[in-house]
Amino acid sequence: MMLANDQDEEGLGSTAYNAEAGRVDVRFADSISLKTTALVIAASDKAGMKGAPRDRINEIIARESKGSLFMQRAHHLAEKDGEKIQSLLQRLNEKDDQSDNWRVSMCEDTIDPQLERYRSQRKKVSTRVVVDLDSFFISCHILDNPELDESPCCVGGPKMISTSNYKARRYGVRAAMPGFIGQVLVKELSGGSECLTFVKSDFKLYHSKSAEVKAILQEYDKTLKMCSLDEAYMDIESYLDAYFSITEGDRDHAAITKRMSNSDDDRPPLQEMASILEIKEVTKNLLHSIRKRVHRETGLTCSAGTASNFMIAKIASDMNKPNGQVFVGPSEEEIRTFLSPLSVRKVCGVGRILEKFLRATLGVVTVADLYAKRAEVNFLFKPATAQFLLRVSIGYSEDSRRESEGGERGDDESAQRKGMSGERTFQPTDTWSDLCVKLESIATRLAKDIQSKGLKPRTIGLKVKLANFNLLTRTNTRQVALFQQAGDGSTQTLVDIAVKLLRDVKRAFVEEHKDKAGFMVRLLGVRCSNFRLERETQPSILQFQKNACDVQLDQLEPGHPLETSAGLSST
DNA sequence: TACATACAC
DNA sequence: CATGGTGTATGTA
């Protein structure tokens, strides 16, 4: 009840989160009919959809999606989920038959001690902040073109929407929705008086606006991490340290930042310099002024969440969106009060499927439910998932801080990347030569990126999406990495491997479907991964030549030239 | 290592 | 006209 929530004066604050009201986010929990096995539940939940006519929106979406290959596959997958759920339920029943007090002993013996350990490791102050720019992409365009915002608009096209403004959201138009459905929603729900405007995406623009915001936020935390173009994860502890170590009259931003950079000298911990209440008040005001500054200097509004860890801060940042902020105190009670009524879906990492499984097998909808069923959760789910869910149930995340182990020298911008890929969707085709041409273009473009980053991948992967949206992948890892030196023919090798993998996939497919289910492809992708580490020792010349030779004998059929056209003519 | 899934934005 | 692209993590074999 002491949550410090507020919304800026200029905020669009019609329905801010209200802790007192204990509003719960379980809206569509029961609204999903088993028939619709709704996958595309679009109308609900998300910020900006508050006053939306949910039923009509879902109706229109269902109607417009009906019978599409996409939805057919969605239904098929939903059936498989149903089977999985049945088998989980059965496992649970068997467990109950064997023993009737396993829950109690599991809680006492393993779960609760573990949770207690987590609780004892909690940070004692709320200094973790997630800042999230409001409808970032479309807002960037609106800056240059304010009249856009007078009617529903979005970034994207008839095939896919990536962000919409709040006028559009009121009609149920949201990210990841096909644009043509968005258009129908707007036209129908506005009685034909409005029309959805599509704006082409402009990533140069987004990158530059994102950098502006980052530069501002960095003044409050030099080590902040931009998790995406529109999301910053930061820790304002040092800033607050400096703030409280300065005598009251002299506290201004310049003095604080100077103080911050000057000294790592040991100050007493934050908790000893000020009371929890005082810290909360200062933090609230600080976030307020940071957001105001972002708005003044970039024209963009953002929302912020502050808590003792990022898991909670992230949820909080979404609570009063747009243009609002939420502070969650560090005490057990404040955390429990905040999280208990929330849908588990609010937690970053709990997606559509996990939510469905939790509800269908255990009746778990809220975080409080999750805690109540922690024994069942621990029994039913795989180790990593179970551990994760248990942590979620008490709102704990480690947030190790200092995870940017990148390079010991300088903040290497290329922090430990695991893979790099390129993919493209197109009009489905089964023409082999067309597929090869597309694949070559994807692979050569990827090769450029790989080279410019100086990466040396050992594993090459191919991704194929069929016309019915089924996904197939193939990988090939080799002894020696590609792109070890300029001009070593790696680009061509990459293309060759990709084509070979495609041939393999097609062969396997026609094998499996002896009937003539055409190999109709709607997307091709290439992925490079398993990068050779920078300091790894170089293989000897001898070994290199041996392996290089293997590559060619292995990958290419005899008599074919070392070119893509090798792939064009076969199969 | 190979492949399939889930998830975030 | 008809559902994206990039990257990470996990489980299973």
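Every chain is numbered from 1 and lettered A, B, ... according to where its sequence line falls, protein lines coming before strand lines.
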K.L.:
Kindly indicate whether the side chain of A/Ser65 and the base of C/dT3 share any N or O donor-acceptor pair separated by less than 3.5 Å?
P.N.:
yes

K.L.:
Going by an N to O cut-off under 4.0 Å, is there a salt bridge joining A/Lys209 and A/Glu212?
P.N.:
yes

K.L.:
Write down the distance between CZ (A/Arg345) and P (B/dA6), rounded to a whole number of angstrom.
P.N.:
13 Å

K.L.:
Does A/Gln427 make a side-chain N or O approach to OP1 or OP2 of C/dA2 shorter than 4.0 Å?
P.N.:
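Answer yes for this pair, as a side-chain N or O of A/Gln427 is under 4.0 Å from OP1 or OP2.
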
K.L.:
A cation-pi test, strictly: NZ or CZ of A/Arg91 under 6.0 Å from the centre of the six-membered ring of A/Phe379 and no more than 45 degrees from its axis. Yes or no?
P.N.:
yes

K.L.:
Looking only at side-chain atoms of A/Leu354, point me to the closest of B/dC9, B/dC7, C/dT3.
P.N.:
B/dC7

K.L.:
From the list C/dA9, C/dG4, B/dA4, which nucleotide is the closest neighbour of the side chain of A/Lys465?
P.N.:
C/dG4

K.L.:
How do A/Leu69 and A/Leu446 order along DNA chain C: which one's closest nucleotide is nearer the 5' end?
P.N.:
A/Leu69

K.L.:
Starting at the 5' end of DNA chain C and moving along, which residue's nearest nucleotide shows up first, A/Arg445 or A/Glu64?
P.N.:
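Final value for this comparison: A/Glu64.
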
K.L.:
Please determine whether a side-chain nitrogen or oxygen atom of A/Arg458 lies at a distance below 4.0 Å from atom OP1 or OP2 of B/dT1.
P.N.:
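True: A/Arg458 side-chain N/O within range (under 4.0 Å) of B/dT1 OP1/OP2.
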
K.L.:
Can you see if the side chain of A/Thr425 gets near the phosphate of C/dT3 - specifically, an N or O under 4.0 Å from OP1 or OP2?
P.N.:
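Indeed not, no polar side-chain atom of A/Thr425 lies that close.
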
K.L.:
Answer with base, sugar-phosphate or nothing: what part of the nucleic acid does A/Gly156 contact at a heavy-atom distance below 4.0 Å?
P.N.:
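The answer is nothing, as A/Gly156 stays clear of every strand by at least 4.0 Å.
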
K.L.:
Check whether any side-chain N or O of A/Lys159 sits under 4.0 Å from OP1 or OP2 of C/dC1, and answer yes or no.
P.N.:
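No.
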
K.L.:
As a test of reading the structure: which of B/dC9, C/dA2, C/dT10 is closest to the side chain of A/Phe180, going by heavy atoms?
P.N.:
C/dA2

K.L.:
Would you please classify the geometry between the A/Phe137 ring and the A/Tyr206 ring as parallel, tilted or perpendicular, with 30° and 60° separating the classes?
P.N.:
parallel

K.L.:
Take atom CG of A/Asp318 and atom C1' of B/dA8, then tell me their distance rounded to the nearest Å.
P.N.:
13 Å

K.L.:
Is the phosphate of B/dT1, meaning OP1 or OP2, less than 4.0 Å from a side-chain N or O of A/Asn530?
P.N.:
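For A/Asn530, the contact criterion (side-chain N or O under 4.0 Å from OP1 or OP2 of B/dT1) is met.
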
K.L.:
Of the nucleotides C/dT10, B/dA2, C/dT3, which has the atom closest to the A/Ala384 side chain?
P.N.:
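Shortest atom-to-atom distance from the side chain points to C/dT10.
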
K.L.:
Check A/Lys321 with A/Asp318, please: is the shortest side-chain N to carboxylate O separation under 4.0 Å?
P.N.:
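Looking at A/Lys321 together with A/Asp318, the answer is no, because their closest N to O distance does not fall below 4.0 Å.
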
K.L.:
For a quick check of understanding: with a heavy-atom distance under 4.0 Å over all strands, which category does A/Pro158 fall into, base, sugar-phosphate or nothing?
P.N.:
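It contacts nothing in the nucleic acid.
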
K.L.:
Under 4.0 Å between any heavy atoms, over every strand shown, what does A/Lys314 touch: base, sugar-phosphate, or nothing? Just pick one.
P.N.:
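If one applies the 4.0 Å heavy-atom cut-off, A/Lys314 turns out to touch the sugar-phosphate alone, with no base involved.
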
K.L.:
A/Ile353 CD1 to C/dG11 P: how many Å, rounded?
P.N.:
16 Å

K.L.:
Checking A/Phe198 now: which residues fulfil ring pair (Phe, Tyr, Trp, His ring centres under 6.0 Å) with it, not counting sequence neighbours?
P.N.:
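By the ring pair (Phe, Tyr, Trp, His ring centres under 6.0 Å) rule, A/Phe198 matches no residue at all.
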
K.L.:
Can you see if the side chain of A/Arg522 gets near the phosphate of C/dG4 - specifically, an N or O under 4.0 Å from OP1 or OP2?
P.N.:
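Yes, such a contact exists.
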
K.L.:
Measure CE/A/Met311 against C1'/B/dA8 and give the value in whole Å, please.
P.N.:
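Going from CE in A/Met311 over to C1' in B/dA8 covers 16 Å.
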
K.L.:
Across the strands shown, which category fits A/Glu231 at heavy-atom distances under 4.0 angstrom: base, sugar-phosphate, nothing?
P.N.:
sugar-phosphate

K.L.:
Would you mind classifying the nucleic acid contact of A/Leu229 as base, sugar-phosphate or nothing, using non-hydrogen atoms under 4.0 angstrom?
P.N.:
nothing

K.L.:
Of the nucleotides C/dG7, B/dA6, C/dG4, which has the atom closest to the A/Asp81 side chain?
P.N.:
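Closest of the options to the side chain of A/Asp81: B/dA6.
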
K.L.:
B/dT1 phosphate, OP1 or OP2: any side-chain N/O from A/Thr477 under 4.0 angstrom?
P.N.:
yes

K.L.:
Rounded to the nearest Å, what distance is computed from the CD1 atom of residue A/Ile85 to the P atom of nucleotide B/dA6?
P.N.:
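Checked: the CD1 to P distance equals 11 Å.
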
K.L.:
Looking at B/dC3, I'd like to know if its phosphate oxygens (OP1 or OP2) sit under 4.0 Å from a side-chain N or O belonging to A/Thr473.
P.N.:
no

K.L.:
Any side-chain N or O of A/Arg352 less than 4.0 Å from the OP1 or OP2 oxygen of B/dT5?
P.N.:
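Answer no for this pair, as no side-chain N or O of A/Arg352 is under 4.0 Å from OP1 or OP2.
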
K.L.:
In this structure, how many angstroms lie between the P atom of C/dG5 and the CZ atom of A/Arg424, rounded?
P.N.:
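Spelled out: CZ on A/Arg424 to P on C/dG5 is 9 Å.
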
K.L.:
Less than 4.0 Å between a side-chain N and a carboxylate O, is that true for A/Glu188 and A/Arg63?
P.N.:
yes

K.L.:
Any cation-pi pair here, A/Arg391 with A/Phe388, using under 6.0 Å and within 45°?
P.N.:
no

K.L.:
Quick one: label A/Val347 by what it contacts on the DNA or RNA (base, sugar-phosphate, nothing), any heavy atom closer than 4.0 Å.
P.N.:
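Touches sugar-phosphate only.
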
K.L.:
Return the value, rounded to whole Å, for the distance between atom CD of A/Glu423 and atom P of C/dG4.
P.N.:
10 Å

K.L.:
Between P on B/dA8 and CZ on A/Phe310, what's the gap in Å once rounded to a whole number?
P.N.:
18 Å

K.L.:
Any side-chain N or O of A/Ser68 under 4.0 Å from OP1/OP2 of C/dA2?
P.N.:
no

K.L.:
Within the structure shown, what part of the strands sits under 4.0 Å from A/Thr385 by heavy-atom distance: base, sugar-phosphate, or nothing?
P.N.:
sugar-phosphate

K.L.:
For A/Ser228 and B/dC9, is the shortest distance between a side-chain N/O and OP1 or OP2 below 4.0 Å?
P.N.:
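Negative; the distance criterion is not met.
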
K.L.:
Check whether any side-chain N or O of A/Lys463 sits under 4.0 Å from OP1 or OP2 of B/dA4, and answer yes or no.
P.N.:
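No, outside the criterion.
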
K.L.:
Is a salt bridge present between A/Asp496 and A/Lys500, judged by a nitrogen-to-oxygen distance below 4.0 Å?
P.N.:
no

K.L.:
Between A/Asp230 and A/Leu472, which is nearer to the 5' end of DNA chain B once each is assigned its nearest nucleotide?
P.N.:
A/Leu472

K.L.:
Using a cut-off of 4.0 Å on non-hydrogen atoms, how would the nucleic acid contact of A/Leu523 be classed: base, sugar-phosphate, or nothing?
P.N.:
sugar-phosphate

K.L.:
Check whether any side-chain nitrogen or oxygen of A/Lys80 sits under 4.0 Å from OP1 or OP2 of B/dT5, and answer yes or no.
P.N.:
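Yes, within the criterion.
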
K.L.:
With heavy atoms under 4.0 Å as the rule, sort A/Cys227 into base, sugar-phosphate or nothing.
P.N.:
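Counting heavy atoms under 4.0 Å across all strands, no contact is made by A/Cys227.
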
K.L.:
A/Arg417 side chain N/O closer than 4.0 Å to the phosphate oxygens (OP1, OP2) of C/dG7?
P.N.:
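Yes, A/Arg417 has a side-chain N/O under 4.0 Å of OP1/OP2 on C/dG7.
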
